[in-house]
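The structure appears right after this line, and notes come after that.
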Amino acid sequence: MLSQIFPKHRFFSLRTFSSLCSKPQPTSLDPDQNPYNLLKSDPIELLSNLWVHAFSRPTPRLVPFPNLTGYLKSFDLWVLAYQRACAHHTGTFPPRTAIHYSHLQSLLALRHAVLSSPSTFPWGASSYLLLRSPAEKPSTTRIGKRKFEQLLENAPPPFQDRVIQELLLLILEPVLETHFSSKSHAYRPGRGPHTVIRNIRSNFAGYLWFIKVDLTHVSMHLEPNTIIGYLEKAVSDRSVVRLVKSSLKTPVRPGSVEKEREELDGFAKKRLKRKILRASRKKKVLNENEPKPDPYWLRLFWGFAPEEAKTVPVYGHCGILSPLLLNVCFSELDFWMEDKVEKYFEPSKLDSIWREKIDEGCHNPAWPEFVPASGACKTRKMDYIRYGSHILVGIRGPREDAVQVRKDLIEFCETKFGLRLEHSKIEIEHITRGIEFLDHIVSRRVIYPTLRYTGTGGKVVSEKGVGTLLSVTASLQNCITYFRKLELVKGDRDPEPLPCTPMLYSGQAHTNSQMNKFLETMADWYRYADNRKKVVGFCAYVIRSSLAKLYAARYRLKSRAKVYKIGSRDLSRPLREASRNAAPEYSDLLRMGLVDVIEGVQFSHMSAIPSCDYTPLPRTWVPYHELVLREYVKLQDPQFFCRLHKDVRRGDLGSPQDFVAAVLWDYKVHGVYSRKLQEEDVGVRLLDK
C-alpha cells in the first residue's frame with residue numbers, strides 16, 4: 001500500500017505522512033464551531049445525574065437502559081475523558097482551563113468522527129491520528145519506508161483510542177452496575193478481594209463441599225457477537241452498542257498486543273539479570289511529560305498478586321472497557337447460580353443453623369457449630385461468589401450434589417458461551433482439606449469449648465463440647481514462593497533471606513521508608529486472615545534480614561550481627577558513622593537539615609503487628625456509594641414519606657429499653673444489625689428531624 005502511494009521517494013518524513021493521513025475531509029470542523037461554546041456544564045454533575053437515574057429505575061435487569069446518546073454527545077464528558085487519558089499517559093491530571101485550544105479542536109474532530117453516521121473513526125489506526133497525546137512530539141527525522149512500516153506494525157494503541165475507552169467507561173459503568181449481581185466482586189467500585197474474603201468468612205460457615213471453578217479459558221475466548229448480545233440486554237442505545245461493536249470486530253495488530261513472558265532457563269535468567277543490573281546502574285533521565293515509574297515497594301507488592309487477579313481479559317480494542325464487558329457476560333452466570341442457590345435450599349428444624357428462610361441468616365458465623373456436620377437432619381444450602389473469572393461455590397449437602405453442580409456448570413458454559421469447560425478447571429474439595437482462594441486457605445477448625453448452663457435446681461453444669469469454626473488463613477507457602485520469585489529468599493522449607501540488591505545505591509533513610517510502605521501494604525492485604533500476625537511477621541523478618549545483608553555489604557560490616565549491633569533491631573540508627581569516622585555526626589547533620597530522618601523497619605516485634613479484623617459482613621451488604629444512592633433515590637420519592645407517616649400513625653409507641661433489647665437479641669442471633677431494625681431506626685431519626 002505504501003509502495004503505491006510513494007513509488008519514487010525512498011525517504012520521507014513521519015510528520016509529513018501523519019499530516020496527510022491524520023486529518024480526513026469528512027470530519028473537518030465547521031468554521032463557526034468553537035469548542036469553548038460547547039463547554040456548558042460540569043461533567044461531574046452530569047455523571048452524578050446518570051448514576052442517580054440508573055439506580056432509580058425499578059427493574060434494571062429486565063428492561064435495558066434506553067438512551068445514552070445525549071451523554072455520548074456531551075463535549076464536557078469528552079473533555080473529562082481526555083483529562084483521564086492524559087493522567088494515564090503523562091502521570092498528571094491537567095486542569096480543564098489548561099487544555100490548549102488546538103487540543104480541544106482535535107478532540108472535537110474526534111467526536112465528530114465517532115458520532116457521524118456512518119462512523120469514520122477506525123480503531124487502532126496509528127496512521128489516522130485525529131488526537132495526539134500531549135507527551136507525544138511529532139517526529140521530523142526522515143526514515144525509510146521499511147522502517148516506517150515496521151513502526152506502524154509495532155506501534156502501541158493510539159492515545160485517541162484511550163480517550164474513547166475512558167468515555168465509554170464513564171457512561172456505561174453506572175448503567176451496568178445496577179445490572180450486575182451482588183455475588184460479583186471483581187473490577188467494580190467498592191468491591192474487591194477483601195470483600196470476597198469477608199463474605200466467605202461471614203456467609204460460608206457450615207459448608208462441607210466447595211467447588212472452585214477457573215473460567216479463564218472461557219473469558220479469554222468469548223466471541224464478539226456473544227459479548228454484544230449480552231450488552232444489548234443491559235443497554236439498548238444503538239450509538240453506544242455500535243461503537244463497542246466496532247471496537248470488538250476491528251482486527252488488532254499483533255505488534256500492539258503485549259506478549260506473554262516466556263519461561264527462561266537458568267543461563268538465560270542469569271544473562272537477563274546481569275542486563276537489568278547494568279541498566280539499573282545507569283541513571284535514567286525522564287522526558288518532560290514522561291510519567292514516573294512505580295516505586296520499588298509498589299513493584300514489590302505487585303509481585304504478590306494472587307492467581308485469580310493476574311489474568312485480565314482484553315477484547316479487541318476495548319482496553320480498559322474489557323473487564324466491564326467480562327462482568328456483563330458473566331452476570332448471566334451469576335443470575336443462573338442465584339436461582340440455583342434459591343431452589344437448592346431445604347431448611348430443617350433439627351439443624352442448628354439456617355432452620356428457617358434463606359434470607360434471614362439464622363446463624364452467627366462467630367458462634368461455633370455444636371452438631372455433627374452431616375446427616376439427614378441437616379439443612380441443605382448452597383452459596384456462590386465470583387471474582388473475575390474464578391468462582392467459589394459452597395455446598396452443605398452430599399458430594400453427589402456437588403458433582404451435579406459441576407455437570408450443570410459445564411452444560412451452561414457450553415450452551416450460553418459456546419465453549420467447553422474442562423473437568424480439570426473444576427475442583428471439588430472437602431472443607432477438611434482446605435480450599436485456596438485469593439491466596440487465602442478456607443478450612444475448618446475444631447474447638448473444644450466449655451459449655452456452662454443452669455440445670456435443675458439452679459445448679460450450674462459445666463460440660464466439654466465439640467464445635468467447628470470456619471478458618472480463613474493466609475497461605476504462607478504462596479508468600480514464600482512470591483518472595484523467591486522476587487529473589488528475596490532462597491529455599492522452600494527453611495527459606496534464607498537474600499540481600500535486596502535493587503536498593504543497593506539508595507540511602508538508608510530512603511530504603512527503610514520504601515520497605516515500610518511495602519510492609520504496611522502487606523499488613524493491610526492480610527487484614528482478614530486468621531494468621532495475620534504470623535504471615536506479616538514472616539514478611540517483616542525477610543525484609544529486615546534482607547536489608548541487614550544489604551547494609552553489611554554496603555558498609556563493609558561483614559555480618560548481619562554487626563549491622564544489628566550498630567543499627568539496632570529495627571535498623572533505625574545510622575550505619576555510615578561506623579565506616580567513616582571522619583564524617584560529621586548524624587545528629588549534627590540531622591539538626592542542620594542535611595540528611596533525612598531514618599525510619600525504623602516496622603513490625604520488628606510481634607506485639608506491633610495488628611491482629612485479624614473479625615468484623616462480620618452482613619449478607620445484605622452493599623458498598624457505601626450504592627447505599628447513599630439508594631437512600632437519595634428513596635428520599636426523592638414523595639410516596640416514601642406518605643408510607644412513613646402512615647406507619648407512624650398506625651404503629652404503637654415503644655420504650656427505649658425494648659428497642660435496645662431487640663438490638664441485643666438481633667446481634668446475638670444474626671451477628672449483624674437486621675434490616676427491619678435499621679428501617680425502624682431510620683424512620684425514628686427522620687421524624688426527629
Side-chain angles (χ1 to χ4, degrees), residues 14-15 18 22 35-36 38-48 71 74-111 114 124 126 129-140 155-174 187 189 192 256 258 279-280 282-302 312 314 317-324 502 506 510 513-514 517-518 520-521 596 625:
L14 179 62
R15 185 175 184 178
S18 61
S22 62
Y36 290 110
L38 299 176
L39 299 176
K40 300 178 181 179
S41 57
D42 183 14
I44 305 300
E45 184 179 356
L46 290 175
L47 292 176
S48 301
Y71 295 96
S74 174
F75 192 63
D76 299 280
L77 294 182
W78 280 86
V79 173
L80 179 60
Y82 173 81
Q83 291 174 291
R84 289 165 59 98
C86 287
H88 173 74
H89 276 255
T90 64
T92 57
F93 189 85
R96 191 173 179 179
T97 55
I99 303 176
H100 294 287
Y101 179 77
S102 59
H103 292 173
L104 290 177
Q105 279 189 323
S106 302
L107 186 63
L108 189 59
L110 178 65
R111 171 177 171 267
V114 171
S126 299
L129 300 179
L130 297 170
L131 180 65
R132 292 180 179 272
S133 170
E136 179 184 356
K137 294 182 179 180
S139 175
T140 57
F159 174 76
Q160 58 189 13
D161 287 13
R162 177 76 183 199
V163 174
I164 300 177
Q165 293 166 8
E166 292 281 0
L167 178 67
L168 289 174
L169 183 64
L170 290 173
I171 295 174
L172 288 177
E173 189 176 37
Y187 319 122
S256 63
E258 185 177 357
S280 64
K282 297 180 181 179
K283 191 175 289 186
K284 182 182 179 182
V285 180
L286 299 177
N287 297 328
E288 183 180 356
N289 293 323
E290 185 178 358
K292 293 181 180 180
D294 292 334
Y296 177 70
W297 71 268
L298 189 57
R299 298 197 304 269
L300 204 63
F301 178 68
W302 292 146
V312 180
V314 178
H317 296 276
C318 290
I320 58 175
L321 204 65
S322 300
L324 194 66
S506 299
H510 178 68
S513 175
Q514 290 282 305
K517 292 178 181 178
F518 169 72
E520 289 173 1
T521 311
D596 297 328
H625 70 279

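Remark: the backbone N or O of Cys86 is paired with a side-chain donor or acceptor of Thr90 at under 3.5 angstrom. Proximity of a side-chain donor or acceptor of Gln165 to a complementary backbone N or O of His317 within less than 3.5 Å is detected. Not a single donor-acceptor pair under 3.5 Å links the side chain of Asp76 to the backbone N or O of Pro43.
Atom CG of Leu170 sits about 4.5 Å away from atom CZ of Arg84, to the nearest 0.5 Å. For the atom pair CG of Leu46 and CG of Leu80, the computed distance is 9.5 Å after rounding to the nearest 0.5 Å. Distance check, rounded to the nearest 0.5 Å: CG of Leu300 to CG of Asp294 gives 12.0 Å. The structure places CG of Leu39 at 6.5 Å from CG of Leu104, a figure rounded to the nearest 0.5 Å. The CG atom of Asp161 lies 10.5 Å from the CG atom of Leu131; values are rounded to the nearest 0.5 Å. From His88, atom NE2 reaches atom CZ of Arg162 across 4.0 Å, with rounding to the nearest 0.5 Å.
Aromatic ring centres of Tyr296 and Phe518 lie farther apart than the 6.0 Å criterion allows. Ring centers of Tyr82 and Phe75: at least 6.0 Å apart, outside the cut-off.
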Under the criterion side chain to side chain contact (heavy atoms under 4.5 Å, CB included), I'd like the reasoning laid out for Val312 against Tyr187: C-alpha separation, chi angles, the key distance, then a yes or no. CA-CA 10 Å; Val312 180; Tyr187 319 122; 3.9 Å; yes

Under the side chain to side chain contact (heavy atoms under 4.5 Å, CB included) criterion, do Arg111 and Leu38 qualify, and how do the steps go? CA-CA 12 Å; Arg111 171 177 171 267; Leu38 299 176; 4.1 Å; yes

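The two residues Leu130 and Ala109 come nearest to each other via the heavy atoms CD1-O, 4.1 Å. Taking all atoms of both residues into account, the shortest heavy-atom contact from Ala85 to Glu166 is N-CG, 4.3 Å. Contact detail for Pro94 and Gln83: the closest heavy-atom pair is O-NE2, 2.8 Å. Closest non-hydrogen pair, Leu77 versus Tyr71, comes out as CD1-O, 3.3 Å.
Tyr101 and Tyr36 have parallel rings, their planes meeting at less than 30° on a 0 to 90° scale where 60° marks the start of perpendicular.
Residues Ser106 and Arg132 form no side-chain contact, since every pair of their non-hydrogen atoms from C-beta on lies 4.5 Å or further apart.
Pairs of residues two or more places apart, or lying in two chains, never qualify as salt bridge (Lys or Arg N to Asp or Glu O under 4.0 Å) while including a residue from residues 99-108.
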